[in-house]
Novice: 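Have a look at the structure that comes next, please.
We name chains A, B, ... by the order of the sequence lines, and we start the count at 1 in each one.
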Amino acid sequence: MAYDFARIEKKWQGVWEKEKPYAAVTGDKRPKFYGLIEFPYPSGQGLHVGHPRPFTAMDIVTRKKRMQGYNVLFPIGFDAFGLPTENYAIKNHIHPAIVTKKNIENFTRQLKMLGFGFDWDRVVDTTDPTYYKWTQWIFLQLWKKGLAYKATMPVNWCTSCKCVLANEEVVEGVCERCGSPVVQKEKSQWMLRITAYAQRLIDDLDDLDFIERVKIQQKNWIGRSTGAEVTFKATTGDDIVVFTTRPDTLFGATYMVLSPEHALVKKWMPKLKNADDVRAYQAAAASKSDLERTELSKEKTGVCLDGVAAVNPVNGREIPIFISDYVLASYGTGAIMAVPAHDDRDWEFAKKFGCEIVEVVAGGEDVQKAAFTAKDDTGVLVNSEFLNGLTVRQAIPAITKWLEEKGIGKAQVNYKLRDWVFSRQRYWGEPIPMVWCEKCGWQPLPEDQLPLVLPDVESYEPTDDGESPLSKMTDWVNTTCPCCGGPARRETDTMPQWAGSSWYFLRYMDPHNDKALASKEALDYWSPVDWYNGGMEHTTLHLLYSRFWHKFLYDIGVVPTREPYAKRTSHGMILGEGGEKMSKSRGNVVNPDDIIAQYGADTMRMYIMFIGDFEKAATWSDNAVKGCKKFLDRVWALAEAGPTGDDVTPEHEAALHRTIKKVSEDIDEMKFNTAIAAMMTLVNEFYKSKPSKGDMKVLLLLLSPFAPHIAEEMWEMLGFEGRAMSQSWPEYDESKTVEQVKELAVQVNGKLRSTVTVPADADDETVIDAAKADGKIARALEGMEIVKTIVVKNRLVNLILKPKK
RNA sequence: GCGGGUAUGGUGGAAUUGGCAGACACGCGGGAUUUAGGUUCCCGUGGGCGACCGUGCAGGUUCAAAUCCUGUUACCCGCACCA
């Protein structure tokens, strides 16, 4: 009989609203557990079926922790600043704050319908001035410590809209909205010095319980490389500084390449005989993003600077200088020494432009045919005077020492990580609390003037000069200098969305505090986050940014731990039917509201967990949802049948212990799909042999974190005391989970031939005798002798045979 | 291009981490119940008549490979102003 999920779910959600079973208690004597999910961006489309996957997963984890006696903090909030809301506001002439409020209400309704055990008294909203007051406060601390600074950076500039575009708004080099070409334009921007923390962000990963691919991806993103900085002299007398990881190949440097934006190119322009070509190349490079520049690099492009050359400091040879877009201004010094014999990109470039290829490391193929790039002891230096005969590993320190002695180079560590561009010329973000005074320069807003509230504006459109819409608010912009009291102007750029999400987990600990971002008591009690689950796509930006901010807050004594998150796991995406990404244009988007209306929240929760390996992408299937509904109907029918007997029945005892073990372990390892499969197996057992009330009790406790509404209803229906969710998590007895007899596979020469049943943990001799006694095996043994036997305890026996002579 | 992943029946996925491939579901076939459809309950279900063959593809290591190694193809995530 199908159960009335609509009535049951409404009933229990009402009960939870009143009883507040999910309230976290700061300072409680129970051990604490802080489970965190990435808070959603409240988009106008409402919740996507992708959201409930991580939410349900952590809901299950935290519900189990509560039953195991933990004081659980499982909060929710909204990361509500950002581009889509702003664009919606521009289009519809509605204040983004109103749009945000409406969207948050819709998200809240949907989240409550799914029965998540969030502590609803701790909701945070990044666009609330009482929240972003502290985002601004953290910025001021960064500024005071010299970690926030202004620098000129290239931005995407739409030549028609006359505004700065986000990378996402640039599609194949043109503006997403109007289709006009987009160029790179220099703009003064606020920057955060995350590079100052590069080494610590790598080193401290070692102590964290993050899944390996997250650690690897972060390390590669930070991209530490060791090498040397070498100064080349140009024929003009200028110094050209390069970074290289292969100083040992210095004798093989046959040309140099500067990025098209390199300052020296501008300086040399009047002297260049081919200045027009150079300018044309610079303009072409300006229209490409870094990604396109490196992607298109299959076919290398560049221009040789005619009229200037460089001198290789080790051998005094004059070598040509090129500009090419495969050298990025943002990495290293924006200039390289090119060693075509031992670098693939340089080799390709040299082949195209006819540069000389000089072998300096022997041991590979002919360097005229391919670059030899091994950086270990397989290569030996040649054509390199005092380095000849050394291996690459020996030559690197030798040449580095030589360079240092001559004063033309030094050992250098370089990171791919770049400082964080923190300015946005947009309205819907936190105002940056800085003031520009002609006399005193940039001055921070005094802390007692925070929050610096985002003023209302008439239009949210970016201005023609590329400034934020705030720049038109002259009343707001014109202010007095906090330092000298003279006339001054406010910064009109706002912060990126990453700002609010870099510290939100701290605010959850004490969300209503108006004296500090959170009290010391709350921070000491709840830190660190015990388990943070989120998407892989956030690994290199959000996750790294928030680790950076946290380390900074630790350094200034605000937070008690060096790292924000003790453990990090990651979920896969939910794809639409057919295995494609869900999107409006494909028309394969599944709305959780529809699923809940048709099958109920518990079925939705069960299915999204049963769909497949939590860490991998999974394909939505409407049909498979029904299977989970059927399972809940079957459990319901067992309860409705009115089981009797408070004790566990002997015929189900072993199965119950095994199921408790499997479900307990699987939840800890996020293998929710197999946990549910184990419960299904148990229910199939219950259909073969009727369960007692005591058997059902165990099943309901195991089911409760997954399907809390129906579990609670059946708990009450069977007359158990209190609430299922507040009982102790069931324990299992290991000795009762093991089987008394085992069925072993019998292989002959590695191929399965039969099976035998023997007592558990039987010794080798017993197993081999049993195998030989088996009819099929006995036949296979005729005329053969056993050369070798392999017994794997409780698993299999493998007999290796050969014909008797 | 660079960095990180993934690939198993008709479908979603299991596989104690080198030890009986396909648990649990969906779908499909058969049966029971039902006036009928649906629901529910039972049984069967990788391929091949068979010796056997089967975990993207090609090799290798091993008594034994979905799992380890080498090469290769396809797809997914990220690439710094989307969140």
Novice: Checking base pairs now: Watson-Crick or wobble, both atom distances under 3.5 Å. What partners B:G44?
Specialist: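 B:C28 is the nucleotide pairing with B:G44.
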Novice: At under 4.0 Å between heavy atoms, what does A:N220 touch on the DNA or RNA strands: base, sugar-phosphate, or nothing?
Specialist: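 Contact class for A:N220: sugar-phosphate only.
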Novice: May I ask you to decide if the ring planes of A:W503 and A:Y131 are parallel, tilted or perpendicular, using 30° and 60° as cut-offs?
Specialist: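 Ring orientation of A:W503 relative to A:Y131: parallel.
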Novice: Got a sec, which residues hit salt bridge (Lys or Arg N to Asp or Glu O under 4.0 Å) with A:K150, two or more places apart in sequence or on another chain?
Specialist: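 Scan of A:K150 (salt bridge (Lys or Arg N to Asp or Glu O under 4.0 Å), adjacent residues dropped) gives A:E491.
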Novice: Looking only at N and O atoms, is any donor in the side chain of A:N167 or the base of B:C81 less than 3.5 Å from an acceptor on the other one?
Specialist: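 It does not, because no donor-acceptor pair links the side chain of A:N167 to the base of B:C81 below 3.5 Å.
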Novice: Describe the nucleic acid contact of A:A678 in one word from base, sugar-phosphate, nothing, applying a heavy-atom distance below 4.0 Å.
Specialist: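 Nothing, no heavy atom under 4.0 Å.
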Novice: For B:C53 and B:G59, measure between their P atoms and round to the nearest Å.
Specialist: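 It comes out at 15 Å once rounded to the nearest Å.
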Novice: With P as the reference atom in both, quote the distance from B:G22 to B:G47 in angstrom, rounded to an integer.
Specialist: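 So the two P atoms sit 13 Å from each other.
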Novice: Can you say whether the rings of A:F39 and A:Y504 are parallel (under 30°), tilted (30 to 60°) or perpendicular (over 60°)?
Specialist: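 Parallel, since the angle between the ring planes stays under 30°.
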Novice: Nearest to the side chain of A:T674 - B:A15, B:G4, B:C41?
Specialist: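 Within the option list, the nearest is B:A15.
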Novice: With a 4.0 Å cut-off on heavy atoms, is A:F631 in touch with a base, just the backbone sugar-phosphate, or nothing at all?
Specialist: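 Contact class for A:F631: none.
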Novice: Atom NZ of A:K751 and atom C1' of B:G19: how far apart are they, to the nearest Å?
Specialist: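 About 16 Å, once rounded to whole Å.
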Novice: Give me the distance, rounded to whole Å, that separates B:C68 from B:G30 when you measure between the C1' atoms they each carry.
Specialist: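 Those two atoms are separated by 44 Å.
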Novice: How would you list, by chain and number, every residue that makes a salt bridge (Lys or Arg N to Asp or Glu O under 4.0 Å) with A:D666, sequence neighbours excluded?
Specialist: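 With sequence neighbours excluded, A:D666 shows a salt bridge (Lys or Arg N to Asp or Glu O under 4.0 Å) to A:K662, given in chain and number order.
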Novice: Determine the contact category for A:I676: base if any of its heavy atoms lies under 4.0 Å from a base atom, sugar-phosphate if only primed atoms, P, OP1 or OP2 are that close, otherwise nothing.
Specialist: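 The residue A:I676 makes no contact with any strand.
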Novice: Across the strands shown, which category fits A:L83 at heavy-atom distances under 4.0 angstrom: base, sugar-phosphate, nothing?
Specialist: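 Answer is sugar-phosphate: A:L83 comes under 4.0 Å of backbone atoms only.
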Novice: Categorize A:K671 for me: base, sugar-phosphate, or nothing, with a 4.0 angstrom heavy-atom threshold over every strand shown.
Specialist: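 The answer is sugar-phosphate, as A:K671 gets under 4.0 Å only of primed atoms, P, OP1 or OP2.
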Novice: Roughly how far apart, to the nearest Å, are B:C77 and B:C57 at atom C1'?
Specialist: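 Each nucleotide's C1' atom is 24 Å from the other's.
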Novice: Given the P atoms of B:C2 and B:G71, what is the spacing between them in whole Å?
Specialist: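 15 Å, rounded to whole Å.
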Novice: Using the side-chain heavy atoms of A:R424, tell me which of these nucleotides is nearest: B:G12, B:C79, B:C81.
Specialist: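 When the side chain of A:R424 is considered, B:C81 is the closest of B:G12, B:C79, B:C81.
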Novice: When the P atoms of B:A21 and B:G56 are considered, how many whole Å apart are they?
Specialist: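 About 16 Å, rounded to a whole number of Å.
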Novice: Taking the P atom of each, how far is B:U72 from B:G1, in whole Å?
Specialist: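 Each nucleotide's P atom is 13 Å from the other's.
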Novice: How is A:V155 classified with respect to the nucleic acid when contacts are heavy atoms under 4.0 Å: base, sugar-phosphate, or nothing?
Specialist: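 Here A:V155 touches the bases of the nucleic acid.
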Novice: With rounding to whole Å, what would you report as the distance between B:G10 and B:G19 at their P atoms?
Specialist: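 B:G10 and B:G19 have their P atoms separated by 25 Å.
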Novice: Which part of the nucleic acid does A:H542 contact within heavy-atom distance under 4.0 Å: base, sugar-phosphate only, or nothing?
Specialist: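 Nothing, no heavy atom under 4.0 Å.
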Novice: With a 4.0 Å cut-off on heavy atoms, is A:R418 in touch with a base, just the backbone sugar-phosphate, or nothing at all?
Specialist: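 Result for A:R418 = base.
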